[in-house]
Structures are given as C-alpha cells and as structure tokens.
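Below is one structure, written out as structure tokens; the observations come after it.
Naming: A, B, ... by sequence-line order, numbering from 1 per chain.
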Amino acid sequence: MISKESGLIVKTDILCNVLRTVMDTTADDVLPIVYLLANRIAPAHEGLELGIGEASVINVLAEAYGRTKVGHRKLYNQLGDWGLVAKACRSSQSMMSKPNALTVTKVFNTFQLIAKELRKDSQEKKKNHIKGLLVAASDCEPLYLIRLLQANLRIGLAKQTLLAALGQAALYAHSTPPPNIQSPLEEAVKIVKKAYSVFPVYDKIVPALLSGGVWNPRLHRHAIFGDVSVSDMCRTMEPIHYIDNGSVEIYSRNAERNTGKFPDVVSEVKRLKKSSVRSFVLDCELVAYNREEQKILPFQNLYSSFEEETGYFQFATAITSNDLDKIQEFLDTAVLLFNCEGLIIKTLTKDATYEPAKRSLHWLKLKKDYMENLGDSLDLVPFAAFHGKGKRTGVYGAFLLACYDSTNGEYQSICKLGTGFSEADLEDRSASLNSEVISGPKYYQYDDSVKPAPDVWFKPKEVWEVKAAGLTISPNHCAAVGIVDADKGVSLRFPRLTAVTALTALLCR
DNA sequence: AGCGCCTAATC
DNA sequence: ATCGCAT
DNA sequence: ATGCGATGATTAGGCGCT
C-alpha cells in the first residue's frame with residue numbers, strides 16, 4: 001500500500017496505523033518492525049552489519065529457488081529488482097505444503113544471527129540462514145525479504161517518514177492528554193526526530209515511547225543523557241570526543257567509530273589540549289597536510305581551548321563579509337591557490353547553531369563546480385551502458401564514457417555516468433544509442449577487469465557535456481594512461497550530465 | 001602469505 | 001557525493 | 001524545502017581460495 005502511494009502524508013498515515021495496531025496488540029513487535037523499516041539491525045555504533053550484497057543474493061537465490069544464475073540474471077535485467085526475481089521464482093515453484101508463517105520478529109532475529117556470523121565459514125552460514133527464510137516465504141514475502149537483505153525497501157518510505165509515523169502513533173496510542181500545544185501531531189513528530197538526532201538508538205527510543213508516550217520526559221535531551229552512560233552517549237555523536245577520564249574517541253557522521261584509524265589525531269589532541277579543558281565534542285574535518293607549506297588565520301571560539309601547531313593542529317581560515325566581490329575573491333584564492341574544494345558560508349546574524357544530519361540555510365556549501373565559470377566541464381562520448389534498476393527499469397541506468405585522445409586517435413574510458421538526466425532525457429538517449437549497438441568494445445581503450453561489465457556497447461555517436469568536481473588518478477579507467485601514471489589513468493569526481501552537445505559524425509570515421 | 005572478490009563506508 | 005521527481 | 005531513490009570514484013578490511 002505504501003509503495004503505491006506517492007504522497008508522504010498518506011504514507012505516514014498508513015504506517016502510523018500499522019504501528020498503532022501493533023502497539024495495541026503485540027507491542028514487542030514494534031522494535032523489530034522499526035528496525036526492519038530503518039534497514040538496520042543494531043545501533044550504528046555497534047558496527048553490526050549484514051554483510052550481504054548483490055553477489056550473496058544471487059548465490060542464495062540460485063540455491064533456494066533453483067534455476068541457473070544466468071537465468072536469474074536474465075530475469076533481473078527485465079525486472080530491475082532482485083526482490084521481484086525472488087518473488088517470480090517462488091510463485092512458479094510448486095509448494096509441497098503451506099510453510100509455517102514467517103513473523104517479523106523471526107525475520108529480524110535471523111537478520112541479527114546473519115550479522116553475527118563472522119570469520120570461518122561465515123558466508124556459508126549466512127547463506128543457510130537466508131535459505132531458511134526464503135523457503136518459508138510465500139506471496140510477497142520473498143520480494144521484501146530480498147529487499148530487506150539489500151537494505152533497500154524501495155517503497156518510498158525511509159527514516160524521516162518512519163520517525164514521523166512513530167511520533168504520531170505514540171501520540172495516538174497513549175492515553176495521557178497532550179499538553180497545551182497548538183498542533184500536537186507536529187510537535188510529536190518534532191520530539192521523536194529530535195530525540196533520534198541526539199541519540200540515534202531505537203532500542204531506547206521505542207521502549208520510551210511505548211511506556212510513556214511522546215510527552216515522556218525520557219525523550220528530552222538532558223533526560224536522555226542522564227539515562228545512558230557517558231560512553232554510550234558519546235558513541236552516538238561526532239566526530240572527536242574528549243571525555244573527562246582522558247579518553248579520545250573519533251566518530252564519522254553516521255556514528256561509525258573511527259578512533260582506530262587516526263591514532264595520530266588521538267595523541268595530538270591529548271597532547272595539545274590545555275589542561276584546563278575537561279571535556280568536549282569537536283565537529284571538524286581531518287585533512288592531509290604538507291607541513292612544509294603553511295597558512296593560518298584566526299577565528300574565534302576554539303582558540304582559547306587549543307594550542308595551534310603548524311602541521312599538527314590548525315584552524316581553518318575565514319573572512320567575515322557581506323561583500324559579494326570579497327567572497328568571490330576568497331573563493332578564488334581557496335580554490336586556485338590552495339586546492340580547496342570550496343567554502344562553507346555561515347550566517348552570523350541568526351542563531352546559527354549546527355544540528356547533526358539536519359540541513360539548514362545557516363550553513364551553505366559553496367563549491368567551485370557549483371559555478372558556471374569554475375570547475376571542470378568535459379566533452380565525452382558514451383560507448384556502453386548498464387541496464388537500469390528500480391525506477392530506471394527498462395531504460396539504461398548508467399553509461400560508460402570515453403574521452404577522445406587525438407594524439408593516438410583513440411577513445412579512452414574515463415568514467416561512468418548515472419545522474420544529470422531527466423527521465424525523458426534518459427529515454428531519449430537510450431533510444432538514440434540503441435540504433436548503434438555493437439557486439440563489443442572494439443573502438444575503445446577499456447579495462448575489462450573492472451566489474452561489472454557493461455550490458456550493451458555502442459558505436460561512437462553522441463557527445464555529452466559532463467561536469468565534474470575534479471579529476472582523480474584512477475586504477476579503473478584508461479584516460480591519459482602513461483601520462484599521469486605508468487599504468488593508472490584519469491577519472492572524474494562526481495560526474496553529471498549537463499548537456500547533449502552533438503552527434504559525432506566526424507569522429508565516427 | 002598473497003591475491004581476488006565482495007561489502008560497506010567515505011566523499 | 002549529484003541529480004530529478006513528487007509533494 | 002523536504003524526502004526519496006536513482007546513480008558516481010575510491011578505499012579498507014573480511015573472507016576464502018591457492
């Protein structure tokens with residue numbers, strides 16, 4: 001029902017009703033349902049992952065539902081979704097007897113077992129867990145089992161809508177009358193989203209909602225912090241933490257623990273922090289740095305808390321200005337002189353606080369390639385394509401592009417491209433290139449060890465204008481091989497289509 | 001021990 | 001990361 | 001403006017095979 005509906009309000013409504021029903025009947029199922037909908041199996045900081053990808057899915061489908069892998073692949077190219085393949089195979093299988101019903105909790109528990117299979121024979125054991133589920137599945141269950149295993153439910157409902165529905169369901173389900181608030185529904189959603197942004201652990205949020213409703217003080221910031229250990233709390237935030245007891249922890253934006261990856265940062269933070277500072281959470285970015293070069297300019301806040309030391313711990317440079325020309329000049333300097341990607345622009349007039357995972361106009365990214373005259377724009381030739389998946393089923397989902405090397409008179413692969421076209425563009429390009437299909441990569445310098453291999457090859461026909469954030473040395477592409485590196489080529493960072501410029505009538509010869 | 005495949009993660 | 005679509 | 005789901009280059013680390 002949710003996947004057929006396009007509006008988020010109605011999707012939220014449907015899920016809200018599901019959750020209310022479950023809260024009222026089998027409340028223990030709420031947490032597993034939430035985890036499955038969130039495509040997670042544990043809080044991010046626990047580092048527990050399914051470890052199941054497309055290759056595993058292909059293998060297990062072949063074993064559980066017969067047919068050959070080639071047969072499955074063919075079906076997949078038509079359907080664009082391994083879940084749909086599973087469903088199709090299952091429904092064409094004769095069923096000896098009606099299997100025992102799968103429950104949400106059984107599925108979620110099995111997913112946890114899969115995630116916990118490690119080391120020797122883990123792949124085989126994971127596969128057997130999945131086979132058990134697939135054999136017990138009927139109707140639409142194989143479809144959703146496979147999509148859940150791939151962490152992509154594809155029903156147009158993700159975390160934000162899940163949190164909203166949770167808040168609304170908890171509001172309706174609890175008997176306590178709402179406090180004197182204008183719009184209780186909106187407020188309930190805000191509270192749950194805020195609780196999640198402060199402490200993204202469903203194991204705490206869901207029980208709190210179930211036992212005390214949305215107005216439960218346990219959902220508020222300070223209460224949450226009081227309710228959990230300091231180390232648990234710090235594990236959910238980002239990215240450098242210094243705790244009273246002298247320990248340093250580093251986390252990614254998605255709460256992955258990265259402390260072990262930066263032992264040098266840990267030791268420098270400990271060394272350079274002043275003894276008067278007892279604890280902090282520092283939002284920052286780590287960059288590689290050439291210590292022979294240098295440039296520092298001060299910016300308030302942080303300065304009273306840290307010793308600056310060139311090459312070890314430096315503050316970012318900044319200007320404060322309303323003047324467009326000055327900002328432009330600063331951007332040019334940053335990009336052209338220091339090889340920076342661009343600037344972050346911050347409002348100083350409003351109370352411009354930073355909230356993790358929340359977009360706002362307080363902080364804006366200004367990158368060189370957002371601008372017409374800066375950034376890299378290239379004329380490239382699409383020479384192969386990949387069948388689209390999901391909403392791109394039936395058209396190509398991505399293309400392999402080449403640049404033309406006039407010195408050698410050859411086309412060299414430079415990047416794949418899968419964004420920038422409208423749905424109509426995609427149909428038009430697919431149709432146009434389909435008139436020039438050839439059997440293999442005969443005009444091109446192309447590394448066939450790079451997987452997956454394209455599905456279809458084309459004669460050179462069109463020239464596309466592609467914008468990128470920059471060039472990278474590539475082990476996977478052939479552009480300029482031997483020039484930038486003995487056996488590495490060049491590829492593009494964040495490539496996207498900006499225009500279809502011409503037919504390559506001349507280059508074809 | 002070394003290598004290739006795969007997955008999950010960053011941007 | 002970028003981008004387009006639906007709301 | 002927001003949420004979602006198509007898609008990009010690249011890397012690290014786990015697992016299993018030789």
*Please report the closest heavy-atom contact between A:G390 and A:T393, naming both atoms and the distance.*
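In terms of heavy atoms, the two residues are closest at O-OG1, 2.6 Å.
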
Proximal nucleotide (of [options]) relative to the [X] side chain:
{"X": "A:L118", "options": "D:dG5, D:dA6, D:dC15", "value": "D:dC15"}
{"X": "A:H477", "options": "D:dC4, C:dT7, D:dT10", "value": "D:dT10"}
{"X": "A:Q160", "options": "D:dG3, C:dG4, B:dA9", "value": "D:dG3"}
{"X": "A:S422", "options": "C:dC3, D:dA9, C:dG4", "value": "C:dG4"}
{"X": "A:N152", "options": "D:dA9, B:dC6, D:dA6", "value": "D:dA6"}
{"X": "A:R119", "options": "D:dT10, D:dC15, D:dT7", "value": "D:dC15"}
{"X": "A:A55", "options": "C:dA1, D:dG3, B:dT7", "value": "B:dT7"}
{"X": "A:K389", "options": "D:dT7, D:dC4, C:dT2", "value": "D:dT7"}
{"X": "A:S122", "options": "D:dC4, D:dA6, D:dC15", "value": "D:dC15"}

Can you tell me the distance, in whole Å, between the [atom1] atom of [X] and the [atom2] atom of [N]?
{"X": "A:Q150", "N": "B:dC6", "atom1": "CD", "atom2": "C1'", "answer": "13 Å"}
{"X": "A:L50", "N": "D:dC15", "atom1": "CG", "atom2": "C1'", "answer": "16 Å"}
{"X": "A:I155", "N": "D:dG3", "atom1": "CD1", "atom2": "C1'", "answer": "13 Å"}
{"X": "A:K127", "N": "D:dG16", "atom1": "NZ", "atom2": "P", "answer": "10 Å"}
{"X": "A:R496", "N": "C:dG4", "atom1": "CZ", "atom2": "P", "answer": "10 Å"}
{"X": "A:R493", "N": "D:dT7", "atom1": "CZ", "atom2": "P", "answer": "21 Å"}
{"X": "A:F494", "N": "D:dA9", "atom1": "CZ", "atom2": "P", "answer": "11 Å"}
{"X": "A:L426", "N": "D:dA6", "atom1": "CG", "atom2": "C1'", "answer": "9 Å"}

So [X], base contact, sugar-phosphate only, or nothing? Heavy-atom distance under 4.0 Å.
{"X": "A:L497", "answer": "nothing"}
{"X": "A:I9", "answer": "nothing"}
{"X": "A:I473", "answer": "sugar-phosphate"}
{"X": "A:L401", "answer": "nothing"}
{"X": "A:K193", "answer": "sugar-phosphate"}
{"X": "A:K451", "answer": "nothing"}
{"X": "A:K391", "answer": "base"}

*Given A:F383, which of A:Y404, A:F399, A:Y444 fulfils the ring-ring contact (aromatic ring centres under 6.0 Å, His included) condition?*
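The single option meeting the ring-ring contact (aromatic ring centres under 6.0 Å, His included) with A:F383 is A:Y444.
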
Output yes when at least one side-chain N/O atom of [X] is less than 4.0 Å from OP1 or OP2 of [N], else no.
{"X": "A:N476", "N": "D:dT10", "value": "yes"}
{"X": "A:R154", "N": "D:dC4", "value": "no"}
{"X": "A:S474", "N": "D:dT10", "value": "yes"}
{"X": "A:K367", "N": "C:dT2", "value": "yes"}
{"X": "A:T472", "N": "D:dT10", "value": "yes"}
{"X": "A:N59", "N": "B:dC6", "value": "no"}
{"X": "A:S56", "N": "B:dC6", "value": "no"}

*asked:* Does atom NZ (A:K190) have a neighbourhood of more than 12 heavy atoms from anything else shown, all under 6.0 Å?
replied: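 No, NZ of A:K190 has 12 or fewer neighbouring heavy atoms, counting only those of other groups under 6.0 Å.
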
*Decide if atom CD of A:E186 counts as having more than 12 heavy atoms of other residues, nucleotides or ligands within a radius under 6.0 Å.*
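Counting neighbours around CD of A:E186, 12 or fewer heavy atoms of other residues, nucleotides or ligands fall under 6.0 Å, so no.
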
*With respect to A:D81, which candidate in A:R154, A:K391, A:K389 satisfies the side chain to side chain donor-acceptor pair (under 3.5 Å) definition?*
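That would be A:R154; it is the only one of A:R154, A:K391, A:K389 passing the side chain to side chain donor-acceptor pair (under 3.5 Å) with A:D81.
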
_Looking at A:T419 and D:dT7, is any side-chain donor or acceptor paired with a base atom of the opposite kind under 3.5 Å?_
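Donor-acceptor pair under 3.5 Å: no.
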
*Considering only the C1' atoms, how many Å lie between B:dT7 and C:dT2, rounded to the nearest integer?*
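My reading of the C1' atoms in B:dT7 and C:dT2 gives 23 Å.
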
_side-chain contact (heavy atoms from CB on, under 4.5 Å), paired with A:V104, selected from A:L36, A:V22, A:V30_ =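 When A:L36, A:V22, A:V30 are each tested with A:V104, the side-chain contact (heavy atoms from CB on, under 4.5 Å) holds only for A:L36.
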
*Can you tell me if A:K461 and A:S432 form a side-chain donor-acceptor pair at under 3.5 Å?*
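Yes, a side-chain donor-acceptor pair sits under 3.5 Å.
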
